[in-house]
Structures are given as C-alpha cells and as structure tokens.
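Order of listing sets the numbers, starting from 1, for every ligand and every atom in it.
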Amino acid sequence: MARIAVYPGSFDPPTLGHLDIVRRASGLFDQLVVAVGINRSKSPFLTVEERMQALACCTAEFPNVRVDSFSGLLIDYAKSVGACAVIRGLRAIADFEYEFQMAMANRGLCADIESVFLMTNWEHGYVSSGIVKEIAMFGGDYRNMVPECIVPIIERAVRAHRTDR
Ligand code: PNS
C-alpha cells in the first residue's frame with residue numbers, strides 16, 4: 001500500500017525552507033500532499049489560489065508531490081486522503097512549543113497518524129513567510145528566500161496590497 005504523507009501549512013508565501021522540507025519528505029514517502037490550510041480568521045497576503053499556484057510551480061519537479069487545500073481539522077483532511085503521517089518542518093527551538101502542542105492535539109484526535117518533523121537546511125533556518133512578506137511589502141530584496149518561480153506571484157500581491165490602501 002502506498003505510504004502517503006500530508007505536509008500542511010499556511011504557505012503565505014512558500015519559502016525555500018518549505019521547498020527544502022518538500023524535497024526531504026518526498027524522498028521518504030510514496031506520495032506527498034502539500035496542503036494549504038484555509039484559515040478564514042487570518043487576513044492572508046496571498047489568496048489560497050495564489051498559494052496553490054506558487055506551490056504547484058515550485059514542486060513541479062517532484063513527480064510524487066501534489067498540491068491541495070483544506071479547511072476544518074487537519075487530521076480529518078489527512079484521513080480523507082489516506083495519509084499515515086503529517087509532516088512539519090522545524091527551524092529553531094522557537095518552533096518547538098507550538099509544534100509540540102499541535103502534534104499532541106492531533107495525536108489525541110487520531111493516534112494512527114504520526115507527526116513527522118524534518119529539519120530544514122541550516123541556511124534556511126531563519127527564513128519565514130512572515131519575514132518574506134515584510135521585506136517584500138517594504139520593497140526589499142527577498143529573492144534569496146523564495147523559489148524563483150514564485151517571485152512574480154509575490155510582486156503581483158505586493159502591488160495589489162499597496163493599491164488596497
Ligand atoms: O504554516 P502554519 O501557519 O504553521 O500552518 C498551520 C496549520 C494550517 C497546519 C494549522 O493551523 C492547522 O493544522 N490548521 C487546521 C486546524 C486544526 O486541525 N487544528 C487542530 C490542530 S492544532
């Protein structure tokens with residue numbers, strides 16, 4: 001039976017750190033579903049469609065990876081795609097507490113789906129979607145932090161947010 005993993009996140013926007021985790025996880029599982037969590041209470045930088053488009057272009061080189069979105073509980077979504085594992089990336093110690101809570105909560109909801117933590121390459125250890133967003137909005141150079149093919153998607157979003165105000 002194919003071993004399927006879900007890699008969930010906000011991916012707003014995806015970074016080279018996320019892509020590094022995709023590469024590592026895609027080598028460990030038969031299929032990897034990169035899933036954009038839809039959170040209506042957050043006001044996003046990129047729309048869900050833009051985030052999916054960005055993920056699709058930067059993961060195109062991995063034949064066992066597909067991109068999807070979900071709303072509601074992650075664990076329900078993971079069950080619906082037949083996943084045996086949820087992948088999360090870890091950067092610094094600061095990520096641990098939130099990830100620990102989430103993993104325990106998810107285990108309480110479904111003990112059969114394991115949380116698997118992968119560490120990003122050290123060079124991406126400080127990169128986050130929040131930092132990319134902030135640099136992009138203030139006109140700085142963030143291009144060494146994101147996959148090249150998503151730069152036009154970020155630039156379009158920056159223009160849209162500036163004209164919003
Ligand atoms: O990239 P992020 O913002 O850390 O991703 C968070 C995400 C989308 C994985 C998380 O918010 C999530 O799992 N949302 C779905 C709701 C859920 O299942 N909550 C219970 C587990 S804590």
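Looking at Tyr7 and Leu55, their side chains never come closer than 4.5 Å, going by heavy atoms from C-beta outward.
Taking every heavy atom of Gly72 and a limit of under 4.0 angstrom, the matching atoms of ligand 1 come to 15 (C), 16 (C). Near Tyr98, meaning under 4.0 Å from any of its heavy atoms, are these atoms of ligand 1: 4 (O), 6 (C), 11 (O). Within ligand 1, the atoms closer than 4.0 Å to a non-hydrogen atom of Leu74 are 13 (O), 15 (C), 17 (C), 18 (O), numbered from 1 in the order shown. Close approach to Gly9 involves these atoms of ligand 1, each under 4.0 Å from a residue heavy atom: 1 (O), 5 (O). Set against the non-hydrogen atoms of Ser10, the atoms of ligand 1 under 4.0 Å away are 1 (O), 2 (P), 3 (O), 5 (O).
In terms of protein heavy-atom proximity, atom 22 (S) of ligand 1 is closest to Met102 CG, 3.3 Å. Closest to atom 4 (O) of ligand 1, if we only count protein heavy atoms, is Arg88 NH2, 2.8 Å.
Cysteines Cys57 and Cys149 are disulfide-linked, with SG atoms closer than 2.5 angstrom.
Proximity of Gln101 to ligand 1 is not established, as no heavy-atom distance is less than 4.0 Å.
Residue pairs meeting the salt bridge (Lys or Arg N to Asp or Glu O under 4.0 Å) criterion with at least one partner in residues 92-108, sequence neighbours excluded, are Arg88-Glu99, Arg91-Asp95, Arg107-Glu114.
For the pair Asn64 (side chain) and Asp30 (backbone), a donor-acceptor distance under 3.5 Å is present. Side-chain atoms of Glu50 come within 3.5 Å of backbone atoms of Thr47 as a donor-acceptor pair (strictly under, hydrogens ignored). With hydrogens and angles disregarded, a donor-acceptor distance shorter than 3.5 Å links the side chain of Asp12 to the backbone of Leu46.
Using bins of under 30°, 30° to 60° and over 60° for the plane-to-plane angle, the ring pair His18/Phe11 lands in the perpendicular bin.
Evaluated by nearest non-hydrogen atom to atom 17 (C) of ligand 1, the leading choice among Leu73, Val86, Ile75, Asn106 is Leu73.
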